[in-house]
Amino acid sequence: MSSKEWPLWEVFIRSKQGLNHKHVGSLRAADAEMALENARDVYTRRSEGISIWVVESNNVFASDPSESQEFFEPADSKIYRHPTFYDVPDGISHM
Amino acid sequence: MKEVNITELERMFQEKIDQDIKIEPKDWMPDDYRETLIRQISQHAHSEIVGMLPEGNWITRAPNLRRKAVLLAKVQDEAGHGLYLYSAAETLGADREDTIDDLHSGKAKYSSIFNYPTLTWADMGAIGWLVDGAAIMNQVPICRCSYGPYARAMVRVCKEESFHQRQGFEIMMTLAKGSPEQKAMAQDALNRFWWPALMMFGPSDGESKHTAQSMKWKIKRSTNDELRQQFVDVTVPQAEMIGLTLPDADLSFNEATGHYEYGEINWAEFWEVVKGNGPCNKDRIDTRRKAKEEGQWVREAATAFAQKRAARKSA
Amino acid sequence: MNQAHVEFVLRIADDSLILGHRLSEWCGHGPVLEEDIAMTNIALDLIGQATSLLNHAATLQGEGKTGDDLAFLRFDREYRNLLLVEQPNGDFGMTMMRQFLFDAYRTILFERMQSSSDEMIAAIAEKSLKETKYHLKHSSEWVIRLGDGTEESHARIQESLNTLWRYANELFYTDAVDDEMRNAGILPDLSDLRQQWENTVNHVFQEATLTIPSNNWKQEGGRKGMHSEHLGYILAEMQYMQRAYPNMEW
């Protein structure tokens with residue numbers, strides 16, 4: 001990366017009260033304040049958001065897809081964590 | 001991790017694509033897939049950014065306040081779309097500044113349509129109606145592209161672009177039912193933009209060197225000729241409805257196929273414009289380069305200030 | 001029709017119109033894509049304000065004209081904007097400095113105008129204030145960044161301040177129109193406008209390490225239709241379509 005270019009920031013937007021912030025894309029900015037304002041101008045032009053997070057892309061640690069088997073598959077066999085694992089006789093409600 | 005050879009990785013990759021499983025940035029992908037995507041996405045991004053210029057040319061001359069606001073908002077959207085696309089390219093490791101330098105050096109291409117000049121206000125109508133219409137036709141299938149970030153950017157772009165074509169058509173319609181001068185202005189714009197709009201879909205399928213592999217990878221979901229035909233089929237009745245004539249003596253409806261047949265595209269002209277010999281190629285690139293050069297001190301200042309501020313905070 | 005009332009509305013409207021026009025010249029040429037989008041947002045806010053205000057002026061005038069007629073069909077001497085807003089864009093620093101000097105004034109003006117007895121003005125001020133506060137945040141941050149950035153940026157933005165300072169005094173121009181508007185309750189009390197403005201400006205310039213020029217030469221005339229030579233060219237471009245093709249729908 002050229003040293004003159006501003007850092008890359010990931011943008012997360014809460015579209016309305018009660019929902020999670022969701023990743024929408026990225027942009028470039030020299031600092032956090034600028035990143036927030038740029039995110040407002042770029043990603044909420046059509047009232048898509050009421051709250052914005054920006055995180056410098058360098059600070060995002062991501063799981064490695066090549067490790068996805070050991071990372072995620074062990075959970076697949078623990079079906080007893082899901083309510084459908086259990087039989088409930090007909091006639092029982094509110095459970 | 002198990003040792004897996006390249007052939008096996010490629011087989012697994014194609015299997016994912018065949019099952020319509022999206023590819024995400026950190027997933028393994030063949031080098032050619034990555035390169036094809038970077039080329040296509042950055043070309044697409046450049047088209048948005050260079051595409052701001054022909055319409056930007058009329059912002060200060062828009063005929064009323066409503067048109068001025070609409071045009072500004074539309075050109076601004078194009079900047080936004082360029083940005084979404086550069087973002088998608090960055091997920092593949094293509095640095096935005098390098099990508100833009102490739103545009104400025106002439107190494108990277110952009111849509112040839114933006115090398116035609118905008119001579120009258122009616123060109124704002126013709127561009128919205130035809131150029132955005134063609135772009136939407138090209139882009140809708142890419143919303144189902146195999147690469148996640150590109151597909152997601154495209155969904156956003158398509159959603160926002162739906163107003164672009166409508167505002168263009170509205171301009172044309174208003175002119176077409178206006179004074180004789182206005183109608184002539186509209187017809188002239190249509191005459192100038194019709195053929196270049198058809199060229200936007202790229203060379204014929206037989207000539208297109210990337211199509212087969214891109215279709216297999218689901219980067220491309222329809223061929224150039226299919227999309228072009230679709231565009232002609234929907235646009236001809238629209239022109240008829242507003243009383244304008246398409247500049248093609250060979251245009252006719254084929255009852256048997258249910259499609260319009262159109263005349264021969266001037267491919268020699270197309271390749272000249274792609275090579276850089278269109279009426280505005282030089283102006284467009286010079287303008288972009290100038291904006292970058294003149295912004296250099298601003299970008300440096302912001303970086304310097306951010307560093308100073310960070311140092312003060314930690315002090 | 002109340003002449004002073006129309007005049008008063010046109011002054012605010014034309015500031016938005018002409019500055020919006022100037023900013024729109026940047027579209028496609030910004031120093032970085034994100035900033036291109038940001039400046040266009042500000043231009044759109046200003047053109048939106050101009051539209052509401054000019055429509056209101058046309059209604060007050062009662063001559064059957066529209067806001068568009070006022071925007072596109074007046075003659076040069078009939079525009080009432082400040083000299084500041086018609087000055088050329090210059091480099092990005094010049095544009096941000098012009099914007100900052102204006103935003104600092106506009107924020108106070110709109111804050112006060114929310115209590116105007118002219119309900120339309122009060123409503124427009126309320127909506128525009130939100131926009132203007134954001135513009136001020138944006139422009140003041142850039143003035144600080146450029147002032148306290150590199151040696152080059154400091155020199156450039158200081159030069160912009162030196163160039164534009166002569167137009168700052170006009171922000172506080174008042175005449176019989178303002179007196180009449182104040183008496184009618186349409187224009188709230190603005191006696192401390194300059195003081196408030198100086199507070200904002202001094203604070204930002206201090207952070208930006210900028211020096212207010214000692215040259216206190218003052219230019220004014222815009223409120224009376226005495227403009228700089230720049231306005232004529234803005235209008236020649238802006239009015240081209242309406243002049244070349246009169247009385248048509250677009």
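C:Asp148 and B:Arg312 are joined by a salt bridge, as a carboxylate oxygen and a charged side-chain nitrogen come within less than 4.0 angstrom of each other. Look at B:Asp286 and B:Lys290 and you find no salt bridge, because none of the NZ, NE, NH1 or NH2 atoms lies under 4.0 Å from a carboxylate O. Here B:Arg289 does not pair with B:Asp101 in a salt bridge; the nearest charged N to carboxylate O distance is not below 4.0 Å. Salt bridge present: C:Glu7 and C:Arg80 bring a charged side-chain N and a carboxylate O closer than 4.0 Å. Salt-bridge annotation for B:Arg66 and B:Glu170: present, with a side-chain N of the basic residue lying under 4.0 Å from a carboxylate O of the acidic one. The pair C:Arg74-C:Asp69 fails the salt-bridge criterion, with no side-chain N (NZ, NE, NH1 or NH2) lying under 4.0 Å from an Asp/Glu carboxylate O. Contact check on B:Lys292 versus B:Glu97 returns a salt bridge, with a Lys/Arg side-chain nitrogen under 4.0 Å from an Asp/Glu carboxylate oxygen.
Ranked by non-hydrogen atom pairs under 4.5 Å with chain B, the options C:Met238, C:His29, C:Glu34 are led by C:Glu34. Comparing C:Ile47, C:Asn247, C:Leu44, C:Thr51 by heavy-atom pairs within less than 4.5 Å of chain B, the highest count is held by C:Leu44. Counting heavy-atom pairs closer than 4.5 Å to chain C, the top-ranked of the candidates B:Leu83, B:Thr174, B:Val75 is B:Leu83. Taking chain B as the reference chain and counting heavy-atom pairs below 4.5 Å, the highest number among C:Leu33, C:Val32, C:Thr150 is found for C:Leu33. With chain B as the partner, the residue from C:Met96, C:His154, C:Glu152 showing the most heavy-atom pairs under 4.5 Å is C:Glu152. Ranked by heavy-atom pairs shorter than 4.5 Å toward chain C, the options B:Leu72, B:Val298, B:Thr60 are led by B:Thr60. Ranked by heavy-atom pairs shorter than 4.5 Å toward chain C, the options B:Gly178, B:Gly295, B:Gly80, B:Ala79 are led by B:Ala79. Considering only heavy-atom pairs separated by less than 4.5 Å from chain B, the leading option among C:Ala43, C:Ser24, C:Gly93 is C:Ser24.
Defined by atom type and a distance below 3.5 Å, a donor-acceptor pair is present between the side-chain atoms of C:Ser16 and C:Gln49. Side-chain N/O atoms of C:Asn202 and C:Gln206 include no donor and acceptor closer than 3.5 Å. Between the side chains of B:Gln182 and C:Trp250, no donor N or O sits under 3.5 Å from an acceptor N or O. Residues B:Glu48 and B:Tyr84 have side chains that never bring a donor and an acceptor to within less than 3.5 angstrom of each other.
Residue contact with chain B, scored on non-hydrogen atoms closer than 4.5 Å, is absent for C:Glu151. Contact of C:Ile144 with chain B is made through backbone and side chain together, with heavy-atom distances under 4.5 Å. Heavy atoms closer than 4.5 Å to chain C are found in the side chain of B:Leu53, but not in its backbone. Within the 4.5 angstrom heavy-atom criterion, only backbone atoms of B:Ala62 (N, CA, C, O) approach chain C. For C:Gln242, the part sitting under 4.5 Å from any heavy atom of chain B is the side chain, from C-beta outward, and nothing else. Contacts of C:Ile234 with chain B are absent, with no heavy-atom separation under 4.5 Å from either backbone or side chain. In this structure, chain C has no heavy atom under 4.5 Å from any part of B:Ile100. In this structure, chain C has heavy atoms under 4.5 Å from both the backbone and the side chain of B:Arg61. When heavy atoms are compared at a cutoff of 4.5 Å, B:Leu175 approaches chain C solely by way of its side chain, counted from C-beta outward. Proximity to chain C (any heavy atom under 4.5 Å) is restricted, for B:Ser179, to the side chain, taken from C-beta onward. Using a 4.5 Å cut-off between heavy atoms, C:Phe72 contacts chain B through its side chain alone, with no backbone atom that close. For B:Met185, the part lying under 4.5 angstrom from a heavy atom of chain C is the side chain only. When heavy atoms are compared at a cutoff of 4.5 Å, B:Glu294 does not approach chain C at all. Only the side chain of C:Arg156 comes within less than 4.5 Å of a heavy atom of chain B; its backbone N, CA, C and O stay farther away.
Taking the side chain as every heavy atom from C-beta outward, B:Tyr110 and B:Asn115 approach each other to under 4.5 Å.
Shortest non-hydrogen contact noted between B:Tyr86 and B:His46 is OH-ND1, 2.8 Å.
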